[in-house]
J.: 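One structure follows; several queries about it will come next.
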Amino acid sequence: MDEPRTKVYGSATEVTIAANATGLRDLAERLLGLADPELRDGYHEHLDSGIDLEDGSISLILERDDKL
């Protein structure tokens with residue numbers, strides 16, 4: 001299986017998340033994890049350029065907000 005590769009970029013009016021198939025699966029698993037009933041409101045994950053995301057990406061925060 002390929003290494004997950006995800007890039008996040010955007011402007012003031014839109015954000016694009018581009019990824020290979022492995023990167024999309026990784027992102028889906030992170031989102032499913034945030035939906036776990038054992039987690040509390042406000043739990044979040046930071047994805048940062050050069051670590052979780054491709055170099056040049058803008059940072060991405062995935063957050064659970066049960067008030068929405």
Side-chain angles (χ1 to χ4, degrees):
M1 190 180 321
D2 293 331
E3 178 180 335
R5 298 183 64 140
T6 305
K7 183 162 188 159
V8 179
Y9 56 94
S11 66
T13 58
E14 67 183 13
V15 173
T16 299
I17 300 172
N20 63 6
T22 306
L24 290 171
R25 283 187 201 92
D26 179 66
L27 184 58
E29 289 172 8
R30 289 173 185 266
L31 291 170
L32 285 170
L34 286 170
D36 186 312
E38 298 293 316
L39 293 182
R40 68 188 190 294
D41 180 49
Y43 187 86
H44 62 280
E45 288 189 43
H46 291 258
L47 286 75
D48 297 309
S49 178
I51 300 171
D52 310 289
L53 304 172
E54 293 296 299
D55 287 337
S57 291
I58 58 174
S59 294
L60 179 65
I61 300 171
L62 304 174
E63 180 178 7
R64 179 174 178 150
D65 185 342
D66 292 334
K67 295 181 253 355
L68 293 176

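All of these numbers come straight from a predicted model, not from anything done at the bench. Sequential numbering from 1 along the given sequence is applied to the chain's residues.
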J.: Quick check for you: to the nearest 0.5 Å, what is the distance between Ile17 atom CD1 and Lys7 atom NZ?
T.: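 It comes to 13.5 Å.
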J.: Closest heavy-atom contact between Ile58 and Leu53?
T.: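 Heavy atoms of Ile58 and Leu53 come nearest at O-CD1, 3.4 Å.
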J.: Hey, could you give me the NE2/CD distance between His46 and Glu63, rounded to the nearest 0.5 Å?
T.: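 Reported to 0.5 Å precision, the distance equals 8.5 Å.
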J.: So which atom in Ser57 and which in Thr6 form the shortest heavy-atom distance, rounded to 0.1 Å?
T.: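 Closest pair (atom of Ser57, atom of Thr6, distance): OG-O, 3.9 Å.
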J.: Go through the side-chain N and O atoms of Thr22 and Asp2 and say whether any donor and acceptor fall under 3.5 Å apart.
T.: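 Note: Thr22 and Asp2 side chains miss the donor-acceptor criterion.
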J.: Please report the interatomic distance OG(Ser49) to CD1(Ile51), rounded to the nearest 0.5 Å.
T.: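 Spacing of OG (Ser49) from CD1 (Ile51) equals 8.0 Å.
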J.: First locate atom OH of Tyr9, then atom CD of Glu54, and finally report the distance between them rounded to the nearest 0.5 Å.
T.: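 Reported to 0.5 Å precision, the distance equals 12.5 Å.
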J.: Where do Lys67 and Asp41 come nearest, in terms of heavy atoms and distance?
T.: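 Minimum heavy-atom separation between Lys67 and Asp41: NZ-OD2, 2.7 Å.
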J.: Please lay out, stage by stage, how Leu62 and Leu47 fare under the test side-chain contact (heavy atoms from CB on, under 4.5 Å).
T.: CA-CA 8 Å; Leu62 304 174; Leu47 286 75; 4.0 Å; yes
J.: When you group the ILVMFWY residues by side-chain heavy-atom contacts below 4.5 Å and let the links chain together, are Val15 and Leu31 in the same group?
T.: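 Yes, it is one cluster - the side chains of Leu31 and Val15 are joined through contacts under 4.5 Å.
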J.: So, taking the atom named CG in Asp48 and the one named CG in Leu60, what distance separates them when rounded to the nearest 0.5 Å?
T.: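 One gets 9.5 Å once the value is rounded to the nearest 0.5 Å.
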J.: So, does Arg64 use its side chain to make a donor-acceptor pair with the main chain of Leu34 at under 3.5 Å?
T.: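 Yes, because the side chain of Arg64 sits within donor-acceptor range (under 3.5 Å) of the backbone of Leu34.
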J.: Are any non-hydrogen side-chain atoms of Arg30 and Asp52 less than 4.5 angstrom apart?
T.: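 Yes; the side chains approach each other to less than 4.5 Å.
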